[in-house]
Amino acid sequence: MNAVLAALDFTSPSSELARRLIGVTVLIDGVGGRIVETEAYDFTDPASHCFNGQTLRNGSMFGPPAHVYIYRSYGLHWGMNFVCCEEGHGAGVLIRALEPTTGIDIMRQRRGMDDVRLLCSGPGRLCQALGVTHRLNGASLDAPPFQLLLATEPVSVVSGPRIGISKAVDVPWRFGLAGSRFVSRPFGRKGK
């Protein structure tokens, strides 16, 4: 495992990794940006795809860590989780939003829009902008097309309840870069 993945410690609980990923840059085939919003999920969590055990659909989320779990959300768009904890555990971090930094013209073309703020503000938009489809399900973050770069400066992280779920709605496992205009939805005053 490379030094960046080791520094992030993908064997840690999803809520810890979700916080640490804020400010990290993720590139897919050289296109991407700085992670500004994440959500944590664990097999003990009723909102998680892993809550009812391993299936053909969610198998990638059970490991190994530092791989991706790609799924179709509401039959409309793709979502991308970074798998964590020990293999077989069933946990991951949903990458909810990026601040686009690299390959912005490619993202604009894929999304059919110019507003840089809306290119990657939400899991479906993010996956469309980065060209993420089910073909990447189970791929390692330690190999092309992925590249992760640690934050070059300290980040201030806020947290709050997750978005778009109907179970465990009060669990504060949504994390974001404080003051970012690129998050999918602003954090409330109660965010920490």
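Residue indices begin at 1 and follow the sequence shown. Since this is a predicted model, take the numbers as computed values, not measurements. When reading the values below, keep in mind they use all heavy atoms of this one structure, side chains included, and skip hydrogens, waters and symmetry mates.
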Exceeds 12 heavy-atom contacts within 6.0 angstrom, atom CD of Glu16:
yes
Whether Arg125 side chain and Leu119 backbone form a donor-acceptor pair below 3.5 Å
no
Stepwise, does the side chain to side chain contact (heavy atoms under 4.5 Å, CB included) test hold for Arg181 with Val116?
CA-CA 10 Å; Arg181 65 187 189 104; Val116 70; 4.2 Å; yes
Side-chain donor-acceptor pair present, Arg34, Thr101, cut-off under 3.5 Å
no
Over 60° means perpendicular and under 30° means parallel, so tell me whether Phe146 and Phe82 are parallel, tilted or perpendicular.
perpendicular
Mind checking whether Ser12 and Arg20 have side chains closer than 4.5 Å, heavy atoms only?
yes
To the nearest 0.5 Å, atom CD of Glu87 lies from atom OG1 of Thr11 at 13.0 Å
Say whether, by atom type as modelled, one donor and one acceptor occur between the side chain of Ser15 and the main chain of Trp173 under 3.5 angstrom.
no
Does the side chain of Arg110 pick up a donor-acceptor pair with the side chain of Gln128 at under 3.5 Å?
no
Assess, by modelled atom type and distance only, whether the side chains of Asn137 and Ser60 contain a donor and an acceptor separated by less than 3.5 Å.
yes
Begin with the C-alpha distance, continue with both residues' side-chain angles, and end with the deciding distance and a verdict on side chain to side chain contact (heavy atoms under 4.5 Å, CB included) for Val183 and Leu177.
CA-CA 8 Å; Val183 295; Leu177 181 64; 5.7 Å; no
Given Ile95, which of Val68, Leu126, Leu130, Val36 fulfils the side-chain contact (heavy atoms from CB on, under 4.5 Å) condition?
Leu126
Neighbour count above 12 (heavy atom, 6.0 Å) for Arg185 CZ:
no
